[in-house]
Amino acid sequence: MDTHFDIVIVGGGLVGLSTACALSQYDLKIAIVDAKVHHNESFLQNEIGIRASAINGASQRYFSQIGIWDDLLNSHRVQDFTEIGVWEKNGIAHLSAHAKDYGYPNLGYIIENNLISHCLYHFANDNHNITIFNFAAIDNCYNDDYAFLTLADNTILQAKLIIGADGAHSWLRKHEKISVFERSYLHHAVITTVETQYPHQSCAKQIFYPNGIVAFLPLWQANKSCLVWSTKPNQATILTSLTESEFCQELFKLTGDKVGKCQLINQRMVFPLKARFAKQFVKHRTVLIGDAAHTIHPLAGQGVNLGFQDSALLVSTIKQLHDKHKDIGLADNLKSFQFTRRKDTLVMLTAMRTIQDMFNGDNVLKKMLRTAGMNAIDNCSPLKKQLIKYAMHI
């Protein structure tokens, strides 16, 4: 087997796979390295995935550019959402928006993560420019001209550039000793899928309360939603230890008038929530993208979209360098990518922290400010439209 490539991507998740698929269009030899990537080969049609993502307009266009959007649509499991509703529990703060009020067909799409991974994996697996290695990376080194990555089976891959898309606990980031700023959101996310008494009517709902946030992402069946419940760590532990009936009772206390009674479809998963920001996205023959470079609170559903934006810009940058016969692995040639993505990520990190801080707790002054702020935005159509355009990335 040939072990010489233009680019090696460590990580076969959503961002790593999409990057490989996009790069393969430019006559570049790509390797994907991930011991678990083959798990995406099969997809059970009769099961609903536990995790789903809110895909904005930019990510949808990226899927079209790659060539998987039609595959996703043909699954009949892509749910567009045409409305958002945000409320404060036991308060009068409220914000809503409907796509038709702004001339948009929708505000985005909710798609199960395992469906996206499945489509990307098969696109990559069928592509002659992409080779998949089902092994973990265990070592890497560099010289002036190449990077070398050693796999668990002792295979050594050579490339001009290694891309780290291996998640929040990135092996490549740690191995390269790239330091990372971390700050806990003091929240854990309890994630599952639920069947709600009331149909979602293509509306993404979010309810803030003093100890956290409950979000419902509408799935492709009228009464099914992905639930993301962000709350204090000790409360998250309690929620996962409750029986299904007890859990649904606690959920109903917070959200019953919005979605009705709920039933669990899947098991509950818990994830600690941290803001992460790598001090460097680019080093000699190394680039970090997606959660390997940054993580944010899921309250606005923008984390995976940030990763796809990283991917799309990196692919565009590499194409330009390749077309000009420039070295795609030199850090100096990737500075513009790093500057743009660090800037955009910092803006999003700051926004998420501000929103979470504003809604955290039941301080009277905070409550007055957030009520006034949310209601002012809700009643100011031009401002609301700008916020929607920013979230949709259009």
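Positions are given from 1 along the sequence. The analysis underlying the following values was restricted to heavy atoms, covering all of them including side chains, and did not include hydrogens, waters or symmetry mates.
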Gln25, CD: over 12 other non-hydrogen atoms inside 6.0 angstrom: yes
Pair Asn211-Thr231, side-chain donor/acceptor within less than 3.5 Å: no
Nearest-0.5 Å distance, CG of residue Asp80 to CD of residue Glu83: 12.5 Å
Residues Gln320 and Thr317: side-chain donor-acceptor under 3.5 angstrom: no
Within the 6.0 Å centroid threshold, strictly below: Phe247 and Trp229: yes
Heavy-atom pair with the smallest gap, counting every atom of Ala293 and Leu288: CB-O, 3.8 Å
Residues Gln79 and Ser202: side-chain donor-acceptor under 3.5 angstrom: yes
Linked, directly or transitively: Leu251 and Val270 (ILVMFWY side chains, under 4.5 Å): yes
Donor on one side chain, acceptor on other, Ser311 and Tyr62, under 3.5 Å: yes
Distance-only side-chain donor-acceptor flag, His122 / Asn40, under 3.5 Å: no
Tyr185 side-chain N/O to His297 backbone N/O, donor-acceptor pair under 3.5 Å: yes
Closest heavy-atom pair and its distance - Ile9, Ala165: CG2-CB, 4.3 Å
Heavy-atom pair of closest approach, residues Ala275 and Leu349: CB-CD2, 3.9 Å
Exercise: do Asn56 and Ser59 side chains pair donor with acceptor under 3.5 Å: yes
Criterion side-chain contact (heavy atoms from CB on, under 4.5 Å) on Lys224 and Glu195, from CA distance to verdict: CA-CA 5 Å; Lys224 305 291 197 318; Glu195 182 171 355; 3.9 Å; yes
Distance-only side-chain donor-acceptor flag, Thr286 / Tyr142, under 3.5 Å: yes
Expected output: side-chain Asp310 to main-chain Ile289 donor-acceptor under 3.5 Å: no
Single-linkage hydrophobic cluster Leu239~Leu254, side-chain heavy atoms < 4.5 angstrom: yes
Leu120 to Cys21 - nearest heavy-atom pair and separation: O-SG, 3.6 Å
Under 3.5 Å side-chain donor-acceptor pair for Asp291 and Thr295: no
Asn266/Thr193 under side chain to side chain donor-acceptor pair (under 3.5 Å): CA gap, chis, key distance, verdict: CA-CA 6 Å; Asn266 277 318; Thr193 42; 2.6 Å; yes
Electrostatic pair Lys29-Asp2, nearest N-O below 4.0 angstrom: yes
Sidechain N-carboxylate O distance under 4.0 Å for Arg77, Glu112: yes
Co-membership, hydrophobic cluster, residues Phe123 and Phe43, 4.5 Å side-chain: yes
Side-chain donor or acceptor of His322 paired with backbone N/O of Asp327 under 3.5 Å: no
Ion pair Asp27/Lys319, N-O distance below 4.0 Å: no
Criterion side-chain contact (heavy atoms from CB on, under 4.5 Å) on His98 and Thr82, from CA distance to verdict: CA-CA 6 Å; His98 200 292; Thr82 56; 3.9 Å; yes
Tyr109/Trp69 aromatic ring centres below 6.0 Å: yes
Donor-acceptor under 3.5 Å (Thr237 side chain, Pro233 main chain): yes
side-chain contact (heavy atoms from CB on, under 4.5 Å) between Leu107 and Tyr102, intermediate numbers included: CA-CA 10 Å; Leu107 300 175; Tyr102 304 96; 5.6 Å; no
Single-linkage hydrophobic cluster, 4.5 Å side-chain cutoff, Ile238 and Val214 together: yes
Aromatic plane relationship, Phe308 with Phe63 - under 30° parallel, 30 to 60° tilted, over 60° perpendicular: perpendicular
Single-linkage hydrophobic cluster, 4.5 Å side-chain cutoff, Ile55 and Leu313 together: yes
No-hydrogen, no-angle side-chain donor-acceptor test under 3.5 Å, His175 and Asn140: yes
Leu330 versus His284, closest heavy-atom pair with distance: CD2-CE1, 4.2 Å
Smallest separation among heavy atoms of Val15 and Thr19, with atom names: O-OG1, 2.7 Å
Test side-chain contact (heavy atoms from CB on, under 4.5 Å) applied to Asp344 and Leu346, step by step: CA-CA 6 Å; Asp344 290 350; Leu346 278 171; over 6 Å; no
